[in-house]
Structures are given as structure tokens and as C-alpha cells.
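Numbers restart at 1 for each chain; the letters A, B, ... are given by sequence-line order, proteins then strands.
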2 protein chains.
Amino acid sequence: MKIGEMASATATNIETVRHYEKIGLLPLPARDAANYRSYGQEHLARLSFIRRARDLGFTLDQVRELLGLADHRDQSCAAVDAIATVHLTEIDRKIADLQSLRGELSRFLGDCRRGTVADCLIIETLAPAGLPR
Amino acid sequence: MKIGEMASATATNIETVRHYEKIGLLPLPARDAANYRSYGQEHLARLSFIRRARDLGFTLDQVRELLGLADHRDQSCAAVDAIATVHLTEIDRKIADLQSLRGELSRFLGDCRRGTVADCLIIETLAPAGLPR
DNA sequence: TATGCACCCTGTAACAACTACAGGGTCAAG
DNA sequence: CTTGACCCTGTAGTTGTTACAGGGTGCATA
């Protein structure tokens with residue numbers, strides 16, 4: 001299959017596929033007579049893996065680690081566990097941050113709707129603590 | 001105060017402070033005899049505002065808008081409202097995404113702890129649907 | 001007095017993870 | 001036989017920083 005087909009099969013930008021190749025995440029594919037990239041099922045599988053892992057928020061370096069582990073399936077699962085655990089901790093932190101941010105913003109909005117910017121607490125609330133209001 | 005003091009007072013990298021100056025988010029400070037940047041309280045307040053807004057997930061362009069509004073306090077609050085409302089919607093989406101991701105990941109982890117990579121469901125689960133397992 | 005050392009300066013290049021050209025080649029259909 | 005959709009390489013842009021390289025300044029200490 002050509003690059004466009006594989007890209008659309010995985011909801012990936014064509015340029016992104018070439019980018020993954022350039023940074024060594026995707027192996028160099030065969031070329032046809034017109035020098036077009038010619039992909040097989042193994043490329044599709046690998047690209048699908050990369051995209052799903054990216055969707056789940058893994059960085060490309062983490063994806064690289066996971067792919068490395070997939071190539072050594074007889075080893076312990078602990079490394080995969082470690083990567084995912086770190087990731088889970090990060091996610092929990094981000095959720096907490098966003099929730100407190102959400103609280104602040106919705107309070108800001110409630111105040112803000114009362115009047116003009118002169119009374120608007122969005123600006124004031126973001127001013128550093130301890131400065132004159 | 002010099003740049004290092006202001007940077008550490010706002011938990012900001014010195015290079016980042018200079019960067020904000022370069023892109024016009026922070027006004028040019030006075031210089032002392034040694035050509036060192038010399039900041040006052042107004043710079044500190046503005047930098048604190050920028051950092052807190054960034055922490056809250058505003059882009060630098062949105063920060064620029066908010067700072068613009070702060071400089072014209074007699075205007076309507078509607079613009080601030082609009083920016084914050086868009087942002088609040090984004091935050092809700094991000095929280096939802098992260099929560100579903102969290103569920104998936106923690107399920108993966110539970111499965112993963114059972115054995116070796118050969119049995120590890122993280123890799124399998126991320127493989128494309130429809131491929132041989 | 002010299003000599004560290006921490007701090008400051010400018011300017012440029014790197015980072016992630018793409019995305020967007022510019023400027024060209026290939027190929028099937030009308 | 002040309003229009004359009006697709007493909008190629010290579011370079012440069014994006015956002016928000018961060019990291020040098022290669023210097024200058026200022027204070028304390030041996």
C-alpha cells in the first residue's frame with residue numbers, strides 16, 4: 001500500500017508518517033518503480049501502535065521504549081509497567097491541576113459577568129499574592 | 001531588582017524572562033550602569049500575571065489579550081468573558097479525555113502485572129484491531 | 001593583588017511533534 | 001494531452017521554552 005492509504009487508515013498526516021520514518025520509528029519501506037513508498041501489514045501494525053500510544057499520551061520516546069519491549073516479548077513486563085505507571089501518575093497530576101483551574105476560571109466568569117473590566121476579577125485574581133489590589 | 005531575583009520570585013527561568021521581553025510580553029526594563037536589566041514592582045506583577053495565566057493553560061496570545069484588556073480597564077468585560085469561556089470548554093474536554101485515558105491505563109496496568117511481556121496486554125491492546133493476536 | 005565565583009549580557013540553535021511549503025515527478029481518466 | 005490526484009525530497013515554520021557559546025561585571029577571599 002502507498003503512503004496515502006496507510007496514512008488515512010491510521011488517521012495520520014502523510015507528513016507525519018514520513019517524519020516517523022525520518023526519526024527511526026518506522027522502518028524504511030520498499031519502493032516501487034516510481035520510487036513511491038510501498039508498505040506492508042507490518043508497517044501498518046507498527047504505525048497503528050504508534051498512533052494509539054500517542055493518543056494515550058505517551059511521548060515518542062516512550063513509544064520507542066514500548067516498541068523495543070515488544071521486540072523482546074520473553075522479558076518481564078516490569079518495564080512496561082514502569083512506563084505506564086509513571087504515565088498514570090502524570091495523568092493524575094494533570095487532572096488535579098485542570099480541576100483546580102476549572103474552579104478558578106468558573107469563579108472568574110461568575111464575577112466577570114457582573115460588570116466591566118474595571119470590576120473584573122480575572123485580571124486581579126491572577127496578580128501575585130501580597131500585591132496591592 | 002535584577003533578572004535573577006525576579007525570575008526566582010516567579011519560579012521562572014531567566015531565559016524565559018528574556019524571551020517574554022523579546023516577544024513583547026514584558027516591557028523593556030531600565031538598565032543599570034553595568035547594562036543589567038533593572039525591574040520594578042510593575043514588571044514583577046506583570047510577570048506573575050503571565051506565569052499564573054500560563055499555569056492556568058492560557059496561551060501566550062491569550063495572555064497578550066488579557067494584558068491588553070488590563071491596560072484598558074474602562075472597556076467591557078465581554079472580551080475577557082469570551083476568552084475565558086472558550087478556555088473553560090477546552091479544560092472540560094481535557095479533563096474528560098484524561099479521565100478516560102486514566103481508566104484505560106489503569107486497566108492495562110492491572111492486566112500487565114500478571115506476567116511477562118508475552119502476556120502483556122498493553123502491547124496487545126495497542127495493536128491495531130483486526131490483526132492476529 | 002589576583003583569582004575565583006556567581007551573576008549578567010547578546011545571539012543563535014536546539015527541543016517536541018509535527019505541519020507547511022517549494023519545486024518537482026508519476027499516473028490514470030476524460 | 002492535459003487535468004487532477006497522488007507521490008518525492010528538502011527545508012523552514014510553529015509554540016513555548018531551554019541550552020549553549022562566548023563574553024562582561026562585581027564581590028569576597030587567599
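dC18(C) atom C1' lies 8 Å from atom OH of Tyr20(A), rounded to whole Å. The distance between atom CD of Gln62(B) and atom C1' of dT15(D), rounded to the nearest whole Å, is 13 Å. Met1(A) places its CE atom 16 Å from the P atom of dC6(D), with the value rounded to the nearest Å. In this structure, Leu47(A) places its CG atom 14 Å from C1' of dC18(C), rounding to the nearest Å. In this structure, NZ of Lys22(B) is placed 14 Å from P of dT15(D), rounded to the nearest angstrom. Computed from coordinates, the Glu21(B) CD to dG16(D) P distance equals 18 Å when rounded to whole Å. One atom, NE2 of His19(A), and another, P of dC21(C), lie 18 Å apart when rounded to the nearest Å.
Atom-to-atom distance recorded for Leu25(B):CG and Phe49(B):CZ is 10.0 Å, nearest 0.5 angstrom. The distance from the CG atom of Leu47(B) to the CD atom of Glu42(B) is 12.0 Å, given to the nearest 0.5 Å. The CD1 atom of Ile3(B) sits 11.0 Å away from atom OG of Ser8(B), with the distance rounded to the nearest 0.5 Å. Annotation: the span from Leu28(B) atom CG to Lys22(B) atom NZ amounts to 13.0 Å, rounded to 0.5 Å. The structure places CZ of Arg54(A) at 10.0 Å from CD1 of Ile50(A), a figure rounded to the nearest 0.5 Å. For the atom pair OG1 of Thr10(A) and CZ of Arg52(A), the computed distance is 12.5 Å after rounding to the nearest 0.5 Å.
Under the 4.5 Å side-chain contact rule for hydrophobic residues, Tyr36(A) and Ile14(A) do not share a cluster.
Residues satisfying the side chain to side chain contact (heavy atoms under 4.5 Å, CB included) test with Ala96(B), not counting sequence neighbours, are none. Under the side-chain hydrogen bond (donor to acceptor under 3.5 Å, both in side chains) criterion, Thr16(B) pairs with no residue at all, not counting sequence neighbours. Contacts of His43(B) classified as ring pair (Phe, Tyr, Trp, His ring centres under 6.0 Å), with partners at least two apart in sequence or in another chain: Tyr39(B).
Recorded end-axis angle for the helix from dT1(C)-dA30(D) to dG30(C)-dC1(D) stands at 20°, based on five pairs per end and rounded to 10 degrees.
OP1 or OP2 of dT9(D) sits under 4.0 Å from a side-chain N or O of Arg37(A). Contact check, Arg54(A) against dC18(C): a side-chain N or O comes under 4.0 Å of OP1 or OP2. The phosphate of dC9(C) (OP1 or OP2) has a side-chain N or O of Arg18(B) nearer than 4.0 angstrom. Phosphate contact (OP1/OP2 of dG16(D), side-chain N/O of Thr16(B), threshold under 4.0 Å): absent.
A donor-acceptor contact under 3.5 Å links the side chain of Tyr36(B) to the base of dG24(D).
Contacts between residues 2-15 of chain B and DNA chain C, defined by a heavy-atom separation under 4.0 Å, are made by Lys2(B), Ile3(B), Gly4(B), Ile14(B). Only Arg31(B), Asn35(B), listed by number, bring a heavy atom of residues 25-35 of chain B to less than 4.0 angstrom from any atom of DNA chain C.
In this structure, Lys2(A) and Arg37(A) have side chains that are not in contact, with every pair of non-hydrogen atoms separated by 4.5 Å or more. With contacts defined as side-chain heavy-atom distances shorter than 4.5 Å, the pair Pro27(B)/Arg46(B) qualifies.
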